[in-house]
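What follows is a set of notes on a single structure, which appears directly below.
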Amino acid sequence: MTMAATAPFAPGVEEEGVAHRAKARALPGEGGIWLFIAGDLSIFSQLFLTYFYYRAQQPALYSAAQQHLDQGLGMLNTALMLTSSLFVALAVHAARRGMAGWPSRLYWLAALCGIGFGVIKIFEYGAKISHGITLTTNDMFMFYFILTGTHMLHVMMGIGVLLFLANYCRGTGDGRFTPAALRTIECGSLFWHVVDLLWIILFALLYLIR
Amino acid sequence: MNRLNHLICIHSAIPFCILLGLGFFFIPGWFPPISPGMSAAETGAMYEANRLAIQFGMTLTVLGSGLWWVFSAAIAMQMRRIEGGDFPILTCIQLTSSVGNVIVIMLAGYFCLTAAYRPDMPASTVQSFTDIAWLMNIGAYPSTFIGTLALGLCILTGERGDVYPRWLGYLNIWYAVVSLAGGLLAFYHGGPFSWNGEIGFWLEANCFFGWIILMWWFSVRAIKTWEVA
C-alpha cells in the first residue's frame, strides 16, 4: 500500500504498485482469523518464553527430565500433523478448483490424522502417569503437560473444525463454492495449519532441544 | 428503547473495575498478588496486620461484584440484536454465565471477610478461606469460558454484522481459550501457572481487564449508533 502511495509518476511503476496491492488482498480467510492466529501465537510465545526463563534457572533438572520424553512417539505425531496439514492444503486447493467430493474426503482424512495424534498422545500421557510422572512431578513435567495439553486442546478444537468442514463441503453437488463459503473453508483450514505449526515448535522445544 | 439506560449499564464496567481493583488488590495490599506458597502462620499474621484494610477492601469487592450483572446485561442486549429471531440462545448463555462471574467475585469477597471476621480464628482456617477466595477469583474460568465463547459465536454467526466488528468475535473465542489457564491454579504453590505467576495471574488479569475495556468501548459505540425503527 505504501509502495503505491510513494511510487513516482511513472505509469509502469504505478501499475506494479497496484498489482502488488492486489496480491496482498489475496490473503486467505478474513481479517479476524489472522487476529485470532496472532493472538494464539502470542500466547504460545509467552508460554515458550516462560519455559526458557524457568529452564535457564535449573538446566540440569530439565535436561534430565527431558530424557524421559519419547522421541519416537513425538516423531510419529509430527508425521501425522504434517500429513494432516497436507490433506487440509489439498482440500482447500480442491475446493478452489471446484473438484466435487474431494474437499470433504480430504478433510475426513485430515481429521483422522488428528484423531490418530490424539490417540498417541493418550498412550504417551498414560505411560508417563503409570511411571508416576504427572504435572506436579517437577517444573519440566509441569511445562511438558501444560504445553502439550494446551496444544491437545487446540487439536480437539481443530478436529471439530475439520469435521465441520468435511460436512460443510458435502452440500454442493457441482463442487462450486461461493466466495463467502471459500472464506469459511480457508479460515477453518488456517486454524489447523496453526495447530500443526505449534506442534512443530513444541516438538523441537521439548523433545529435541535437550 | 431508552438509550441512556443502556449507556449507564455499559458504563458500569468502570466502577466495577475500580471497585474490584481497589477492593480485592490495592486496599488489602494484595497487589502484586500474595504468594500461594505462604505458610498458615504468615497468612494469619498478614490478617493480623491488615485486618481493617482487608475488611474494607472486601466490602468494596462484594459491592462491585453486582455491577458485572449490569454490564453483562448491556452486552446481552447487543447480542440480542445480533442474534435476532425468537430464540436467542447464545444471548441466554452469555447472560446466565455472567451470574457465575458475579458469584465467584462476590463469594471470594465474603470468604476473605469471614477470614478477617474473628481475630481468634486459627491461622490454618484463615489460610483455607484465603485459598478458596484466590482460587475462585483468579481461577474464575468456567463462566468466563462459556460466556465469551457464546459472545464470540454470536458475533461470528449472527444475523447482523454492524453491531460489533467481526474480529471482536474471534478475539472473544481466543480469550475463552486463554481463560482456561485458570484451571491450573489449584495444582501449584508457585511458578508461572500459580495464582501469582506469569501466566496464572499476569496474563489472565491483563486479558480480563483488556477484554472489559474492549467490550465496553465497542458496546458504547454499538449503543450510540443503534437505530430503532
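When reading the values below, keep in mind they use all heavy atoms of this one structure, side chains included, and skip hydrogens, waters and symmetry mates. Quick note on labels: first sequence line is chain A, next is B, and so on, each numbered from 1.
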*Counting only heavy atoms not in A/Leu61, do more than 12 fall under 6.0 Å of its CG?*
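More than 12 within 6.0 Å, yes.
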
*Count the heavy atoms belonging to other residues, nucleotides or ligands that lie under 6.0 Å from CZ of A/Phe123, then report whether that count exceeds 12.*
no

*Reported CD1-to-CZ distance for the pair B/Ile173 and A/Phe36, which is rounded to 0.5 angstrom*: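 Rounded to the nearest 0.5 Å, the CD1-CZ separation comes out at 6.5 Å.
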
*Residues of residues 91-101 of chain B under 4.5 Å from chain A (heavy atom pairs)?*
none

Give, as side chain, backbone, both or neither, the part of [X] having an atom under 4.5 angstrom from any heavy atom of chain B.
X: A/Leu135; value: both
X: A/Ile33; value: both
X: A/Met142; value: both

_For the interface with chain B, which of A/Leu47, A/Ile146, A/Leu153 has the highest count of heavy-atom pairs at distances below 4.5 Å?_
A/Ile146

*Is A/Phe143 close to B/Phe193 at the side-chain level, that is, under 4.5 Å between some pair of heavy atoms?*
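In short, these two side chains touch, coming nearer than 4.5 Å.
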
*Return the set of residues passing salt bridge (Lys or Arg N to Asp or Glu O under 4.0 Å) with B/Arg221 (not counting sequence neighbours), or none when no residue passes.*
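Counting only residues at least two positions away or on another chain, B/Arg221 forms no salt bridge (Lys or Arg N to Asp or Glu O under 4.0 Å).
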
*Residue, of B/Leu168, B/Leu184, B/Leu156, that accumulates the most heavy atom pairs under 4.5 Å with chain A*: B/Leu184

*asked:* Just to verify, what does B/Phe145 make a ring-ring contact (aromatic ring centres under 6.0 Å, His included) with, not counting sequence neighbours?
replied: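 B/Phe145 satisfies ring-ring contact (aromatic ring centres under 6.0 Å, His included) with no other residue.
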
Enumerate, including both backbone and side-chain atoms, all donor-acceptor pairs under 3.5 Å from chain B to chain A.
from: B/Arg166; atom 1: NE; to: A/Glu30; atom 2: OE1; distance (Å): 2.7
from: B/Arg166; atom 1: NE; to: A/Glu30; atom 2: OE2; distance (Å): 3.2
from: B/Arg166; atom 1: NH2; to: A/Glu30; atom 2: OE2; distance (Å): 2.6
from: B/Tyr170; atom 1: OH; to: A/Glu30; atom 2: OE2; distance (Å): 2.9
from: B/Trp174; atom 1: NE1; to: A/Gly39; atom 2: O; distance (Å): 3.0
from: B/Tyr188; atom 1: OH; to: A/Leu135; atom 2: O; distance (Å): 2.5
from: B/Glu198; atom 1: OE1; to: A/Tyr54; atom 2: OH; distance (Å): 3.0
from: B/Glu198; atom 1: OE2; to: A/Tyr54; atom 2: OH; distance (Å): 3.1

